[in-house]
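What follows is a set of notes on a single structure, which appears directly below.
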Amino acid sequence: MGRSHFVLQKDKISISKNANFHYKYGGALGMKAKESNKFKALGMIDEIEQSFLAAVKLDAKHIESRWALVMLYIELPGIVGGSETKAQKYADELMNLSKVDGFLAKGHIDEYFKRYAKAEANFKKAHEIGNSKTTFQKLYDLYLNKLKQPQKAIELKKKFEK
């Protein structure tokens with residue numbers, strides 16, 4: 001019994017220093033919280049947040065955990081820890097790590113709060129830099145579904161397909 005306990009403890013130590021583990025654990029908890037009733041989900045918020053923050057602390061370049069924090073902070077009500085200011089902090093960190101992710105995160109925040117002109121400017125910058133399927137899709141979706149400008153969406157699609 002003592003030997004297996006030691007191995008388990010050793011594994012816990014190595015896991016606790018793994019940013020990706022904390023990110024995935026926080027994500028799994030988040031998925032469970034979304035499927036739970038509201039009261040149970042509220043009780044899970046701190047552990048979810050702490051998991052993502054642990055990943056950020058362990059890996060100064062962990063992009064996914066910063067994205068998770070942006071999403072968490074804009075979707076949570078302020079009374080339980082949600083905050084646009086906190087989301088912007090991690091969007092700024094993303095900007096320092098990857099301009100494309102930074103502009104996408106800032107655009108996502110603006111889109112969430114229905115500041116569509118600012119979201120468009122951020123998504124355009126992301127698309128100019130990245131010119132990827134992801135950057136195209138975010139801008140295309142904004143034009144088509146939020147700004148109700150199908151002509152801009154069509155023009156963007158034609159340019160992207162060339």
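Residue numbers count from 1 along this sequence.
In the hydrophobic cluster analysis, where Ile, Leu, Val, Met, Phe, Trp and Tyr join through side-chain heavy atoms closer than 4.5 angstrom, Met31 is grouped apart from Met71.
Just one residue in the list Thr134, Leu139, Ile109 forms a side chain to side chain contact (heavy atoms under 4.5 Å, CB included) with Leu104, and that residue is Thr134. Here the rule is side chain to side chain contact (heavy atoms under 4.5 Å, CB included) with Ser65, and of Val56, Asp59, Leu58, Asn20 only Val56 fits it.
Between Ser98 and Ile63, the shortest heavy-atom distance links the atoms CB-CD1, 4.1 Å. Smallest separation of non-hydrogen atoms from Ile74 and Ala87: CG2-CB, 3.4 Å.
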Kindly list each side-chain donor-acceptor pair under 3.5 angstrom involving residues 142-162, sequence neighbours excluded, with atom names and distances?
unit_1, atom_1, unit_2, atom_2, d
Tyr143, OH, Glu120, OE2, 2.9
Asn145, ND2, Asp141, OD1, 2.3
Lys148, NZ, Asn145, O, 3.0
Lys152, NZ, Glu120, OE2, 3.2

Please report, to 0.1 Å, the donor-acceptor pairs under 3.5 Å made by any side chain of residues 89-97, with sequence neighbours excluded.
unit_1, atom_1, unit_2, atom_2, d
Asp92, OD1, Lys106, NZ, 2.5
Glu93, OE1, Arg66, NE, 2.8
Glu93, OE1, Arg66, NH2, 3.4

Which atom pairs, donor and acceptor, lie under 3.5 Å between side-chain atoms of residues 39-49 and protein residues at least two apart or in another chain?
unit_1, atom_1, unit_2, atom_2, d
Glu47, OE2, Tyr25, OH, 2.6
Glu49, OE2, Tyr73, OH, 2.5

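One finds the CH2 atom of Trp67 at 6.5 Å from the NE2 atom of His108 (value rounded to the nearest 0.5 Å). Considering OH of Tyr140 and CZ of Phe123, their distance stands at 15.5 Å, rounded to 0.5 Å. Between atom NZ of residue Lys17 and atom NZ of residue Lys57 there is a gap of 12.0 Å, rounded to the nearest 0.5 Å.
Within 6.0 Å of NZ in Lys86 there are more than 12 heavy atoms belonging to other residues, nucleotides or ligands.
Under the ring-ring contact (aromatic ring centres under 6.0 Å, His included) criterion, His62 pairs with Tyr23, not counting sequence neighbours. In this structure Phe103 satisfies the ring-ring contact (aromatic ring centres under 6.0 Å, His included) test with no other residue, sequence neighbours excluded.
Within the structure, salt bridge (charged side-chain N to carboxylate O under 4.0 Å, His left out) contacts touching residues 130-140 (residues at least two apart or in different chains) are Glu111-Lys138.
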